[in-house]
Amino acid sequence: MQYLPNIVFAITLVASIGFFVKNIRKLIRNIKLGKDIDRSDNKAARWKNMAKIALGQYKMVRRPVSGILHVLVYVGFIIINIEVLEIIIDGLLGTHRVFQPILGDAFYGFLIGTFEILAVLVFVSVIVFWIRRNVIKLKRFLSKEMKGWPKNDGNFILYFEMVLMSLFIIMNATDISFQEINIGNPISQFIAPWFSGLSPETLHLIEQSAWWLHIIGILTFLNYLYYSKHLHILLAFPNTFYAKLQPKGQLDNLEAVTKEVQLMMDPSADPYAAPAEGEDEAPEKFGASDVTDLNWVQLLNAYTCTECGRCTSSCPANLTGKELSPRAIMMKTRDRLEEVGENIDANGGEFKDDGKQLLNDYITPEELWACTSCNACVQECPVNIDPLSIIIDMRRYLVMEQSAAPQELNMMMTNIENNGAPWQYNQMDRLNWKDEE
Amino acid sequence: MIVPTMAEMMAQGKQPEVLFWVGAAGSFDDRAKKITRAFVKILHQANVDFAVLGTEESSTGDAAKRAGNEFLFQMQAVTNIEVLNAYEIKTIVTCDPHSFNTLKNEYPSLGGKYEVFHHTQYIKKLISDGRLSVNDSVLKDKRVTFHDPCYLGRANDEYESPREIIQRLGVNLTEMKRSKSTALCCGAGGAQMFKEPEKGDKDINVLRTEDALETNPQIIATGCPYCNTMMTDGVKFKEKEEEVQVLDIAELIAAANQL
């Protein structure tokens, strides 16, 4: 029976990682429901973006307070996770602090001491984050789309981190032999006296409980990611890698339209000609009315969004009380994508029409038409999400498939068609300005 | 005003060094036409050998594209590219950041590859090439703030050219709290210029004008005919049109050099 804890640990570990992998495969399957888009060019620039923006947190510090606190949590969380490696080995082998004799007391103490200080910094940062959300009530955390689950999700993550950091410190504080060597406990030495007077057996029990709860907490958090907005800790990396490299003002030119336009402009083309062999597929749909009309990078964007709301808080439409919120565009895209994914799971791998789509059921034309295409949301996103591309693709569907542009825009477009200007002026008057002074 | 067209140039067997793309606003809008004329005066002063397409120019299709009408955009693009390529145009300058963005970024993959300048970039080049000098006494000590057009700034990362020119005017430039990459849109982009805004609690141009008025300016400078219209309307809404002028950078240079 002496191996029981090791076996329990191994089973817990394998089950947790297995469940996580299962969900990640589902996530990748869902992202691949998107249309193909080639983002394999200019690898050097892509790696650089990933290093600078995801790893280097370059865009986070555009807002210094939340930016610097976020860097602390991020660095702390990554570095403290080195400790998880030791925990896993200890758990599997039944050892206790397996790295201590290997690294020597001095170096081991230095490492754990660093982790302890980082743990406190993470704890304090997370408290500040919680205060910003719940006490100061920053406007961007209280928008319409942040009611219910998104609000709770944000707080749950903060609680998780508070608890994990506390357990790490308690685990060290109640570890008698670790406290006795008295290096590597810059924080826990002040916590240890809280437990003075308890018997060594009780202390050991607390230490072991903290150890177990810590690792179970980490594994739970790992599996929580898929259900939360917190996926950005993983997806920020591919998302910044595959993000658009062109100037922000450049929209893609739809290739399907280029083909049609070439045909229309080609004087030798026969409009009544039967389509050539192999071209008898259904005509391509222009623009996007559902998530499967978007490309996979746009869907990856939706999963990566951590709902920080920097986009929405800089959106001119949102700032002036319009219905549009770029964050909500991303959240709705993800919600619909997950709905489609669940539909596929429920119907044996095949999507069964549910009578719903992203347009109207999630995102309304009113939101789409409020956008000024100013790129403030794209600029602000700390992980290079592009809400504007989704808005434009959905406008394309509204206009080219449904002829459902606002009336004034139809007039503008008719003018461009007829006289080459958005207003009703005669093309022949185009140079009149030179004689008008 | 002497403004040669490409057709006239071609008839004389000449090729200008740059094509001035006037744009729909610059051609037809009464306010924007003043910017167009100011820029032509600058081109004349710097002895730039330029031409316009005149009646052969047509909408770039920017507004149509951003309204979702990719068909109309590409029809416009292909038509314009045919004209531009027939005249063997290599270099284009425009006072409209929307035309600038579309010509520079969206025409190349449709067959239109040109070196494209926004007029603030071109004026900066004329100055650094020693072809144009700016008088810094006429507008001396005027309080100026600069509104970044989205399609020049965020869209194409050009924040410095307009500011470098403004610095040469001897004016006092005060930045708004939201400027450069955090600048607020004027509300005209993405085809909003041509429609009523969606319902909300304020108009975007009013909010942006408030940003500008916080700097207590005598002049709100900008580099886009649409921003100009929106900011001018905002200043009127705030009943400040007696104290505050909205001017394009080309107009500032023309005024400084008393053209």
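Quick caveat, the model's predicted, so the values are computed rather than measured. Throughout, protein chains are lettered first and strands after them, A, B, ... in sequence-line order, and every chain is numbered starting at 1.
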So, do [X] and [Y] sit near enough that their side-chain heavy atoms are less than 4.5 Å apart?
X	Y	answer
B/Phe73	A/Asn253	yes
A/Arg396	B/Lys65	yes
B/Gln76	A/Ile416	yes

With a 4.5 Å cut-off on heavy-atom pairs, point out which of B/Arg208, B/Lys41, B/Glu56, B/Lys104 contacts chain A the most.
->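 The option with the most such pairs is B/Lys41.
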
Rounded at 0.5 Å granularity, tell me how far [atom1] in [X] sits from [atom2] in [Y].
X	Y	atom1	atom2	answer
A/Glu380	B/Thr182	CD	OG1	7.0 Å
A/Gln250	B/Ser109	CD	OG	7.0 Å
B/Met193	A/Met412	CE	CE	11.0 Å

With only heavy atoms counted, which part of A/Ala405 is less than 4.5 Å from chain B, the side chain, the backbone, both or neither?
-> neither

Segment of A/Met413 engaging chain B (4.5 angstrom heavy-atom cut-off) |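 Answer is both: backbone and side chain atoms of A/Met413 are under 4.5 Å from chain B.
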
Select one option (side chain, backbone, both, neither) describing which atoms of B/Val3 are under 4.5 Å from chain A's heavy atoms.
-> both

With only heavy atoms counted, which part of B/Phe194 is less than 4.5 Å from chain A, the side chain, the backbone, both or neither?
->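 Looking at B/Phe194, backbone and side chain both touch chain A.
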
At their closest point, which heavy atom of B/Tyr151 faces which heavy atom of A/Ser373, and how far apart are they?
->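 B/Tyr151 and A/Ser373 have their closest heavy atoms at OH-OG, 2.5 Å.
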
For the student: nearest non-hydrogen atoms of A/Cys374 and B/Arg154, plus distance =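 Closest approach of A/Cys374 to B/Arg154: O-NE, 2.8 Å.
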
Over 60° means perpendicular and under 30° means parallel, so classify the ring planes of B/Phe28 and A/Tyr425, tilted if in between.
->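 If you compare the ring of A/Tyr425 with that of B/Phe28, the planes turn out parallel.
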
Over 60° means perpendicular and under 30° means parallel, so classify the ring planes of B/Phe20 and A/Trp433, tilted if in between.
-> perpendicular

Do the charged groups of B/Glu198 and A/Lys322 touch, with an N to O distance under 4.0 Å?
->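 So B/Glu198 does not pair with A/Lys322 through a salt bridge.
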
Using a distance-only test with no angle check, is there a side-chain donor-acceptor pair under 3.5 angstrom linking A/Thr258 and B/Gln74?
-> yes

Which residues pass the side chain to side chain donor-acceptor pair (under 3.5 Å) test with A/Lys259, sequence neighbours left out?
-> none

